[in-house]
Amino acid sequence: MMRRRQGENGVLPTTSPAAKNGGSATTPGRRVVVKKKRRVSKSTSKGGCSLSDVLCYAATLGMIVLLFLYLRMEPEKKTKLKHRVKETRDHIREKIRVLGNTRKYYEVEGVAKILDEAPAAVNDEYVVLLAVSSGERDGLEIAVGKSAENAHSALKQAQSKLSRKSNTYPHVKVDIVTGVKRFHDHDYLNSKFKISEVGHPGQYGLALDWDNGWIFGPSEVLTRTLVDADGYMRWERILAYAWRERQLHDGIPPLPENVDDEPVVEVVDTFHTLSVFIDMSADPEPTSKKVLHTHDTYTEVTPTSLLEAAKNGADYLARSVKEGGRLVYEYFPRSDEEPNEYNLTRHAGVVYAMAVLYQLHPDPFLLESMTLALDYLKGQSRSCPMAYDSSKKATCVWERDTKTPKKLIKLGANALTVLAMAEYMHATGKMDPELFKMATDMVTWIGGCQHDDGSFLQKALMDDDGELELFEDFYVRYYQGEVTFALARLYAVTKADGRNSPSEDWIQIAHKAASYIVKTDSQETDEDLEVDHWLLYGIAEMAPFKLDSAFVDHAMRTARVVKTFQAEDVADKEHDFDLLAQVGIYYDTFSATSIATITEGLCAVHDMAVDQGKTEEAKLIRESIQLSARHQLQAQYTPTLAMFLPDPLRIMGGFSDGITTTNMRNDFTQHNICALACVRKVLLKKE
């Protein structure tokens with residue numbers, strides 16, 4: 001049985017826990033517990049004040065001071081603080097109904113069928129890993145059951161090993177071992193077993209000692225990174241996790257003093273599983289679903305399921321907005337760490353995504369978070385010299401350069417800020433004069449960076465005196481597409497609103513930017529053709545105002561080429577269940593973010609394909625984006641995988657970068673929810 005304990009991710013000791021508690025290092029299962037007598041302070045017995053009393057008084061005084069400061073806080077700020085704390089911690093918790101009665105997992109509908117399919121895969125025994133979670137921080141327990149009779153008996157045995165309180169936990173994962181592969185050889189150069197030919201981490205479990213429970217399911221291998229990206233086992237992590245979290249003290253000797261010279265064990269088994277997730281909190285009865293080892297599996301997508309997933313992603317982004325408007329940029333769920341990195345371009349992209357979803361999900365909390373994040377962008381703006389005429393100035397956004405004390409100005413950050421402002425005004429129906437002026441003034445600065453051939457100056461540093469240092473050699477191709485889409489979108493939103501007149505210069509700048517990329521890509525082979533989602537967004541947005549046949553041809557070529565590099569669906573989903581993990585991927589990548597951006601681009605030009613009579617391409621796009629959306633959904637955090645990480649509520653609804661990693665970044669969720677929202681729109685039109 002395992003109870004995850006907080007704050008135990010330090011460096012692994014070179015001796016076993018048993019040895020540290022007085023036991024023998026060669027018998028790690030023994031533990032000596034010494035009970036200490038409680039000492040009573042003489043000064044206390046005589047009415048004096050002990051050190052513990054002083055500390056208690058100090059803590060009480062500190063709490064009184066904090067309460068006083070809180071009561072003095074402005075009512076508006078206090079309300080906002082309460083609201084954000086509630087939404088951040090309780091936004092999902094309210095959806096989890098903890099049951100107060102004991103349930104038998106093997107009696108839940110659908111579970112028995114999966115148990116009946118399982119073979120006796122380990123020495124003629126059925127082996128089951130059972131994980132249950134409260135859905136809260138550090139609320140996970142894991143147990144292993146074995147039986148020579150059947151998988152039902154193994155599951156019963158595993159459940160009997162759990163604590164009594166786990167009977168009320170809502171989330172349950174059952175992994176039944178179905179096949180074992182043994183590894184005898186290891187790389188003596190670094191004394192690490194290399195796991196190969198069994199799939200990526202998350203598709204298999206590890207067993208070091210079947211008799212003593214050193215068995216780790218696929219979700220544990222993935223979430224604890226027990227095997228690295230190159231396939232080598234991480235011994236320190238395995239032993240630390242086994243001893244400290246799974247409480248496994250029998251069977252495996254202490255870590256050798258020099259782990260680089262000697263392997264810890266002589267053989268390692270990997271195993272595949274039949275896996276099922278059980279939601280004990282479902283109404284009116286608990287439900288179960290077969291899952292793909294670690295992630296939920298999707299054999300189809302519907303407008304309803306896509307909207308629900310996109311809304312959950314938007315909720316995650318809303319919860320990630322901090323007081324002051326900054327976002328959680330990166331988060332590592334395994335270590336529960338948030339690196340001190342930031343990217344203003346991606347910040348702006350997230351604001352755009354929230355505005356897109358607000359139109360489908362007009363939630364007050366989403367609006368508040370989106371507005372805070374937009375206010376942060378506005379706070380990063382200032383009057384900047386034009387790139388090639390310092391006598392003139394216009395608005396730009398900047399961020400602090402990490403290598404110099406200067407201000408960093410990037411074309412992409414400015415373009416996506418314009419896009420975020422335009423979509424915000426469209427989503428809220430408020431063409432705020434101040435915001436509109438800021439956006440149009442920023443377009444002026446962007447236009448001043450464009451060269452005659454349509455390319456741009458993309459990076460500059462500005463000192464405190466307003467002097468610019470230009471970096472003509474700096475180039476990111478996506479910045480071109482970002483400008484194209486941002487200016488075309490601002491034009492479309494302004495024209496649709498009718499209260500202001502859009503400038504034709506915006507479309508001209510966008511057209512020149514797109515022409516530069518389309519001309520360059522026309523010389524690339526199909527294998528080298530870059531799928532630029534921002535460019536495709538921009539081409540589709542410009543089409544009603546300035547249709548260019550070269551742009552249409554480029555978009556349709558992209559759709560045809562991409563489809564040839566996509567993994568197709570499997571015919572027999574029951575027999576080839578494991579192959580569902582790769583359905584919908586492009587170019588053999590498991591990066592859900594890369595797949596999402598391709599989905600965005602193809603989906604954006606679908607309606608243009610229909611309008612231009614490109615029937616075959618429109619059909620290809622519909623087929624392709626539905627397959628890719630199925631794969632993207634696997635990367636969204638649901639209880640199935642989130643329950644194995646330290647803080648499930650924090651990550652629920654967000655997206656990792658794919659099914660082979662747990663790491664999160666705000667643009668991972670941004671691109672995925674935008675893609676899912678667009679696919680939903682296409683499916684609704686088809687219906």
Side-chain angles (χ1 to χ4, degrees), residues 300-303 306 356 359 426 454 480-481 484-493 495-496 502 504 506-508 510-566 568-569 584 586-587 595-630 674-687:
E300 65 174 359
V301 291
T302 65
L306 291 170
V356 169
Q359 296 164 63
H426 179 67
Q480 294 278 143
T484 301
F485 184 33
L487 272 59
R489 186 62 182 148
L490 180 63
Y491 185 95
V493 168
K495 194 174 185 67
E504 294 301 319
W506 304 346
I507 287 294
Q508 293 302 324
H511 187 273
K512 284 180 64 178
S515 296
Y516 179 83
I517 294 295
V518 169
K519 182 178 179 181
T520 301
D521 284 352
S522 66
Q523 302 171 29
E524 300 288 351
T525 64
D526 288 351
E527 289 76 10
D528 296 328
L529 180 65
E530 187 82 27
V531 184
D532 189 335
H533 56 291
W534 293 117
L535 175 65
L536 295 177
Y537 267 131
I539 287 174
E541 197 69 39
M542 275 194 296
F545 313 112
K546 192 175 181 63
L547 185 65
D548 190 318
S549 60
F551 293 177
V552 176
D553 292 344
H554 175 81
M556 296 305 103
R557 179 197 175 199
T558 301
R560 292 191 301 270
V561 169
V562 164
K563 183 60 179 169
T564 64
F565 290 96
Q566 185 178 36
E568 297 292 341
D569 201 358
Y586 299 101
Y587 301 100
I595 295 166
T597 58
I598 295 175
T599 307
E600 285 182 276
L602 296 185
C603 191
V605 298
H606 171 268
D607 288 358
M608 185 179 72
V610 174
D611 294 342
Q612 296 302 310
K614 305 292 184 178
T615 308
E616 188 60 32
E617 285 83 358
K619 180 182 177 182
L620 282 176
I621 290 171
R622 284 194 299 272
E623 293 174 353
S624 182
I625 61 178
Q626 289 181 75
L627 289 179
S628 55
R630 280 168 52 184
C674 286
L676 298 180
C678 186
V679 175
R680 172 183 177 271
K681 183 176 71 172
V682 170
L683 293 184
L684 286 174
K685 286 188 176 182
K686 184 181 178 183
E687 292 178 354

Does Y587 reach the side chain of V531, with side-chain heavy atoms less than 4.5 Å apart?
yes
With the side chain counted from C-beta on, respond yes when Q612 and E617 share a heavy-atom pair under 4.5 Å apart, and no when they do not.
no
Compare every heavy atom of G454 with every heavy atom of Q480, then report the nearest pair and how far apart it is.
NE2-O, 3.2 Å
If you define the side chain from C-beta out and look only at heavy atoms, does anything of K681 sit under 4.5 Å from H606?
no
Does some side-chain heavy atom of Y537 sit less than 4.5 Å from a side-chain heavy atom of C678?
no
Out of curiosity, L627 CG to I595 CD1, how far, rounded to the nearest 0.5 Å?
11.0 Å
Might you work through the side chain to side chain contact (heavy atoms under 4.5 Å, CB included) test for F551 and M608, ending with a clear yes or no?
CA-CA 11 Å; F551 293 177; M608 185 179 72; over 6 Å; no
In a check of side-chain contact (heavy atoms from CB on, under 4.5 Å) between V679 and each of L684, I625, I621, which one passes?
I625
From C603 atom SG to I598 atom CD1, the distance as rounded to the nearest 0.5 Å:
13.5 Å
Find the distance between CZ (F485) and CG (D532) and round it off to the nearest 0.5 Å.
12.0 Å
Do Q508 and K546 come close enough that some side-chain heavy atom pair is under 4.5 Å?
yes
Give the minimum heavy-atom separation between A488 and I507, together with the two atoms involved.
CA-CD1, 4.3 Å
Give the minimum heavy-atom separation between M542 and A514, together with the two atoms involved.
CE-CB, 4.0 Å
How about NZ on K614, more than 12 heavy atoms from neighbouring residues, nucleotides or ligands closer than 6.0 Å, or not?
no
Side chains of V610 and K685, heavy atoms from C-beta outward: is any pair under 4.5 Å?
no
Rounded to the nearest 0.5 angstrom, the CG-CZ distance for L529 and F565 is 9.0 Å
Side chains of K563 and E568, heavy atoms from C-beta outward: is any pair under 4.5 Å?
yes
Quick check: closest heavy atoms across L602 and A559, and the distance to 0.1 Å?
CD2-CA, 3.7 Å
Any sub-3.5 Å donor-acceptor pair from E600's side-chain atoms to A675's backbone N or O?
no
Taking only Lys NZ, Arg NE, NH1 and NH2, and the carboxylate oxygens of Asp or Glu, determine whether D521 and R557 approach each other closer than 4.0 Å.
no
Closest non-hydrogen atom pair between V518 and A550, with its separation:
CG1-O, 4.0 Å
Q566 side chain vs G584 backbone, donor-acceptor pair below 3.5 Å
yes
If you measure from CG on L676 to OG1 on T599, what distance do you get to the nearest 0.5 Å?
8.0 Å
From W534 atom CH2 to T597 atom OG1, the distance as rounded to the nearest 0.5 Å:
10.0 Å
L620 backbone acceptor or donor facing S624 side chain under 3.5 Å
no
Quick check on side-chain contact (heavy atoms from CB on, under 4.5 Å): which of R560, M556, H554 does T558 satisfy it with?
H554
Taking all atoms of both residues into account, what is the closest heavy-atom pair of V605 and A555, and its distance?
CG1-CB, 4.0 Å
Would you indicate whether the side-chain heavy atoms of T484 and E541 approach each other to under 4.5 Å?
no
